[in-house]
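Values reported hereafter were calculated over all heavy atoms of this structure, with side chains retained and with hydrogens, waters and symmetry mates removed.
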Amino acid sequence: MKKLFVIAAAALMGLTASAQNLKFAHVDFQALVVVVPEYAQAADALAAAQKDAQENLNEMLEEYQKKAQAYEKNAATWAQTIRESKEKELGSLQQRIQEFQQDIQGELQQMQQKSMVPIQEKVDNAIKTVAKEGGYIFVFERAQLVYIDEAQSTDITPAVRKALGIPEDRTPESVQAELQARAQELGMN
């Protein structure tokens, strides 16, 4: 019986010793995605597509408004057949506007998702490389954690930034400011 207890204690001590050698890390994935240069390029392309869509929608709304005003102004003097024809035309135009809004929203979402995949993969690959080189057994996403003991988990975000070649002065805030400036240049704000 004593032999079994000694073996169990030795095994437990071995597990405890190996568990103490485990290295844990955490990373701010979203902050890395935002500062990758390709993110700004994708955001610029999306902003340009949104601007084009808004201009097209504005043209359609302007056309609808002109026809609606003409209808209201002349409906009392028009024959019933003309009134019904104009009502159908307005209804058709209104339906086209609604369909356009739904379709373009879906297309813009797909465009955003499609442009983010290679960026996310690039960041993910850099995280894996840094984690392997550092001997980390687990890397957690900072935003998904309720608590991080900084003494037992290493923030590898700076190392991943370095692996991606991102300058230290490039921050999510600086990228946001760049994107806002470009949006103003495009006349989006």
Side-chain angles (χ1 to χ4, degrees), residues 8-54 57 98-189:
L12 183 59
M13 287 175 40
L15 286 175
T16 304
S18 68
Q20 289 176 354
N21 293 332
L22 298 179
K23 291 174 69 175
F24 298 94
H26 56 278
V27 67
D28 190 342
F29 186 82
Q30 191 57 40
L32 290 167
V33 167
V34 171
V35 296
V36 171
E38 293 91 334
Y39 178 85
Q41 295 166 353
D44 285 345
L46 184 62
Q50 288 172 328
K51 182 182 181 212
D52 290 343
Q54 188 62 49
L57 178 62
Q98 289 172 347
E99 288 173 359
F100 174 78
Q101 286 175 316
Q102 290 173 351
D103 292 346
I104 198 66
Q105 184 178 6
E107 284 181 36
L108 291 172
Q109 285 176 344
Q110 284 180 340
M111 181 181 177
Q112 181 181 21
Q113 290 171 351
K114 185 177 178 182
S115 66
M116 292 305 296
V117 168
I119 296 168
Q120 291 170 339
E121 286 176 353
K122 179 178 181 177
V123 171
D124 189 50
N125 290 336
I127 291 170
K128 288 175 182 173
T129 300
V130 168
K132 285 179 185 176
E133 289 172 359
Y136 296 101
I137 190 163
F138 292 108
V139 177
F140 300 98
E141 162 58 41
R142 181 175 204 102
Q144 302 296 323
L145 298 173
V146 176
Y147 170 76
I148 299 172
D149 184 347
E150 298 284 340
Q152 296 185 46
S153 178
T154 305
D155 184 0
I156 63 168
T157 305
V160 176
R161 285 176 62 96
K162 187 175 180 180
L164 290 168
I166 299 169
E168 287 186 30
D169 63 340
R170 187 168 176 82
T171 64
E173 295 79 16
S174 69
V175 171
Q176 187 62 33
E178 285 177 34
L179 294 175
Q180 286 176 345
R182 290 184 195 147
Q184 286 178 343
E185 289 173 9
L186 287 172
M188 296 282 294
N189 290 348

Within the 4.5 Å heavy-atom criterion, are [X] and [Y] side-chain neighbours or not?
X: E121; Y: V117; value: yes
X: D44; Y: Q41; value: no
X: I119; Y: M116; value: yes
X: D155; Y: R142; value: yes

Distance from [X] atom [atom1] to [Y] atom [atom2], nearest 0.5 Å?
X: I127; Y: D28; atom1: CD1; atom2: CG; answer: 9.5 Å
X: Q176; Y: E178; atom1: CD; atom2: CD; answer: 10.0 Å
X: T154; Y: F24; atom1: OG1; atom2: CZ; answer: 10.5 Å
X: K122; Y: L32; atom1: NZ; atom2: CG; answer: 11.5 Å
X: Q50; Y: L46; atom1: CD; atom2: CG; answer: 4.0 Å
X: M111; Y: E107; atom1: CE; atom2: CD; answer: 10.0 Å

Under 3.5 Å: donor-acceptor pair, side chain of [X], backbone of [Y]:
X: S153; Y: I148; result: no
X: T129; Y: N125; result: yes
X: E141; Y: F29; result: yes

On a heavy-atom basis, which atom in [X] and which in [Y] lie closest, and how many Å separate them?
X: P118; Y: S115; result: CD-O, 3.5 Å
X: A40; Y: R182; result: CB-NH1, 3.5 Å
X: I104; Y: A53; result: CG1-CB, 3.4 Å
X: P172; Y: V34; result: CA-CG1, 3.9 Å

Exercise. Kindly determine whether H26 and E150 satisfy side-chain contact (heavy atoms from CB on, under 4.5 Å), including the steps that lead there.
Key: CA-CA 9 Å; H26 56 278; E150 298 284 340; 3.6 Å; yes
Quiz item: Run the side-chain contact (heavy atoms from CB on, under 4.5 Å) check on V139 and I156 step by step: do they pass?
Solution: CA-CA 9 Å; V139 177; I156 63 168; 3.9 Å; yes
